[in-house]
Protein chains: 2
Amino acid sequence: MPTVKDVARHAGVSVGTVSKVLSEDQTVKVALRERVLQAVTDLNYRPNMAARALRTNKFNIIGLVVPDITNPFFAQLALNIETEAARRGHTVMLTNSHDDTVTEGRQIAALLDRSPRGLIVAACNDTSAKLESSEVRVLSLDRRFHSFPLVSTDHADGSAKVATYLISLGHQRLAYLAGPQDTEVGRQRLAGFVRQFEVHNAQNAALQLEIHNGQFDFHSGEILARKLLLQSEGERPTAIAAASDQMAIGVLRAARDMGISVPQSVSVVGFDDTTLASLVVPRLTTVAQPTEKLAKKAVERVLDESSSPLEDVLLEGSLVIRESTARILPAGHSS
Amino acid sequence: MPTVKDVARHAGVSVGTVSKVLSEDQTVKVALRERVLQAVTDLNYRPNMAARALRTNKFNIIGLVVPDITNPFFAQLALNIETEAARRGHTVMLTNSHDDTVTEGRQIAALLDRSPRGLIVAACNDTSAKLESSEVRVLSLDRRFHSFPLVSTDHADGSAKVATYLISLGHQRLAYLAGPQDTEVGRQRLAGFVRQFEVHNAQNAALQLEIHNGQFDFHSGEILARKLLLQSEGERPTAIAAASDQMAIGVLRAARDMGISVPQSVSVVGFDDTTLASLVVPRLTTVAQPTEKLAKKAVERVLDESSSPLEDVLLEGSLVIRESTARILPAGHSS
DNA sequence: CTGAAAGCGCTTACAG
DNA sequence: CTGAAAGCGCTTACAG
């Protein structure tokens with residue numbers, strides 16, 4: 001492997017000049033710069049990142065911590081982050097916290113050891129792990145980590161869109177299956193839904209909403225739905241909004257097992273728009289998170305040294321209407 | 001950040017001794033070692049990886065290249081690789097080739113620049129990209145990269161299991177939806193199925209097999225199945241084996257759209273056992289790849305410096321029987 | 001068994 | 001505008 005020294009010799013300049021050309025220092029005369037660049041290609045020189053990192057204390061690496069890369073949403077995010085990072089000459093170090101705070105702390109320490117340019121973490125919960133105040137820029141993605149600035153979807157707004165949509169379809173008895181309330185995401189999504197529901201309810205007192213708490217996963221949605229759908233047709237909700245696609249898919253399965261057809265008898269909405277959403281039967285109406293924008297924004301902010309990224313960034317999600325929701329004739333229309 | 005120098009001063013020894021203790025050199029006397037370790041914890045010393053890498057030319061990092069982390073199978077693999085790597089004090093640099101050879105080459109170069117301990121690559125196709133013969137250990141995972149040793153599931157054997165299983169259920173008219181034949185995986189899976197079919201056919205000449213070529217994705221499975229299932233009930237296959245879960249799920253959707261019930265009228269089998277397989281309706285019978293073992297094996301081999309990992313490692317997949325397959329009464333039993 | 005010293009490949013003030 | 005030199009924090013022969 002050739003080094004700066006080799007390049008310098010080949011070009012007939014000093015190593016300092018080579019270094020300057022490589023770092024795009026404009027003070028090098030064109031003639032010299034050309035010679036150096038020629039030498040670089042001649043020798044197929046590639047800078048030694050470790051040496052550079054030792055001097056500058058910064059590696060062209062971004063650390064990424066997610067709860068579980070197996071979760072399609074995080075996979076989507078990771079893909080886009082990696083792609084954007086690569087575009088900017090950076091590489092991504094990926095780590096899974098397995099939804100465990102202790103592991104998360106250990107992983108972060110391991111990443112920090114490798115002097116990354118920045119750290120993007122989708123925290124496993126809201127407990128503020130202590131992070132030694134390093135000079136490494138840290139960003140929260142999707143879920144708040146410690147008190148670091150957050151880039152995420154506007155969950156409350158997304159849920160609000162769902163509420164408005166369902167009510168506009170004529171549904172009067174709604175159910176919301178909430179995510180864990182010890183997470184900011186879970187709380188935001190619930191709050192947004194409830195708030196919007198109340199706005200509509202102020203105009204139409206016939207509306208009803210029941211809320212059930214669960215986890216974000218498939219199983220949780222299935223269990224809650226089973227209970228819910230046991231009620232007689234006139235009693236039970238005609239529309240179920242779930243806090244995640246996984247939960248909504250659980251609802252779909254419960255409905256199917258109980259012989260209740262979706263969307264004819266009950267409408268179902270998810271949240272996230274993971275790849276699953278368009279594969280299930282019926283295809284799931286859901287709120288799409290703008291993963292690509294989230295990823296770009298996160299990379300941009302974690303890399304940008306000039307701006308002080310103190311504020312949170314909230315990006316809007318969009319309602320994706322598929323086959324799991326339908327208009328209903330308000331059967332028991334209480335006038 | 002404290003350095004070896006600080007630790008040395010604190011412990012009253014030389015930096016060389018500190019380094020030796022840290023690298024678990026046994027030649028340091030217990031008394032000194034204790035003092036050093038005490039100093040390390042006192043100062044909360046963390047070695048500078050960049051400096052270490054500069055000297056040793058090796059970072060505690062494993063590079064991982066996958067076609068697309070969004071593919072559940074690779075996500076599963078990545079999770080297990082990361083977990084195993086972390087257990088061994090290594091970190092994983094993840095990169096997506098987007099199924100494109102040029103990008104793949106660029107990504108690999110970027111990873112190599114960062115002096116990883118080793119490289120694990122799930123290639124996007126069989127074309128042998130040129131890789132400068134570096135001292136970095138390279139391993140093929142799941143799909144052959146260049147001519148580097150491969151760790152993968154025994155695809156042929158897995159397909160053979162499917163063939164045997166379907167025939168044992170009494171199916172006589174089989175269809176196999178093959179993956180792309182310019183990939184080793186695609187070819188292996190097809191070959192294994194055909195070979196096993198022929199073994200059975202030697203004993204029972206009534207067996208029939210039709211083969212259709214496609215891609216591994218959902219869409220491809222759907223299209224092929226639509227054509228296949230257009231045939232009258234007495235003509236069309238009663239069992240369809242697909243080269244991937246995605247394809248099989250496409251088949252499921254086609255069958256559903258055409259009012260053909262699975263498994264009553266046609267049995268469907270996938271390959272991979274991605275998370276999807278147990279979420280679809282009906283739950284998919286498939287071949288599970290031993291992702292955890294694959295990951296462990298890959299990490300072990302890529303890190304192990306002693307053994308020369310020249311041979312391929314093939315691990316056995318297992319048939320997972322769910323709800324998409326059933327026994328049939330041989331209707332048109334040609335005696 | 002321990003220490004002093006060289007050197008890994010860069011970058012960056014500092015002279016000139 | 002260019003070069004000589006110091007130094008980033010380690011590891012590793014080499015003396016003693």
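Every chain is numbered from 1 and lettered A, B, ... according to where its sequence line falls, protein lines coming before strand lines.
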Next item on the list: Count the heavy atoms of every other residue, nucleotide or ligand shown that sit under 6.0 Å from NZ of B:Lys58, and state whether that count exceeds 12.
Entry: yes
Note to self: Restricting to non-hydrogen atoms, name the atom on B:Cys124 and the atom on B:Glu104 that form the minimum distance, rounded to 0.1 Å.
What the structure shows: N-OE2, 2.9 Å
Checklist line | Closest non-hydrogen atom pair, B:Thr103 against B:Asn96 | finding: CG2-O, 4.1 Å
Check: Taking protein heavy atoms under 4.0 Å as touching, what does nucleotides 3-10 of chain D look like 5' to 3' if B marks base contact, S marks sugar-phosphate-only contact and - marks none?
Finding: B--BBBBB
Note to self: From NZ of A:Lys29 over to C1' of D:dT2, roughly how many Å is that when rounded to an integer?
What the structure shows: 9 Å
Next item on the list: Go through the structure and list residues passing salt bridge (Lys or Arg N to Asp or Glu O under 4.0 Å) with A:Asp68, not counting sequence neighbours.
Entry: none
Next item on the list: Hey, could you give me the CG/CZ distance between A:Leu54 and B:Arg55, rounded to the nearest 0.5 Å?
Entry: 12.0 Å
Item checked: B:Arg114 CZ to A:Phe59 CZ distance, which is reported to the nearest 0.5 Å -> 7.0 Å
Notebook entry, point to check: Can a salt bridge be assigned to the pair B:Asp6 and B:Arg9 using a cut-off of 4.0 Å between side-chain N and carboxylate O?
Noted result: yes
Item checked: Evaluation steps, salt bridge (Lys or Arg N to Asp or Glu O under 4.0 Å), between A:Asp304 and A:Arg137 -> CA-CA 9 Å; A:Asp304 184 11; A:Arg137 178 154 303 210; over 6 Å; no
Checklist line | Protein-nucleotide distance (B:Arg9, atom CZ; C:dT2, atom P), rounded to Å | finding: 20 Å
Check: Given Watson-Crick or G-U pairs with both distances under 3.5 Å, what dot-bracket string fits DNA chain C, with | for other-strand pairs and [ ] for crossing?
Finding: |||.||||||||.|||
Notebook entry, point to check: Rounded to the Å, how far apart are A:Arg35 CZ and D:dC1 C1'?
Noted result: 13 Å
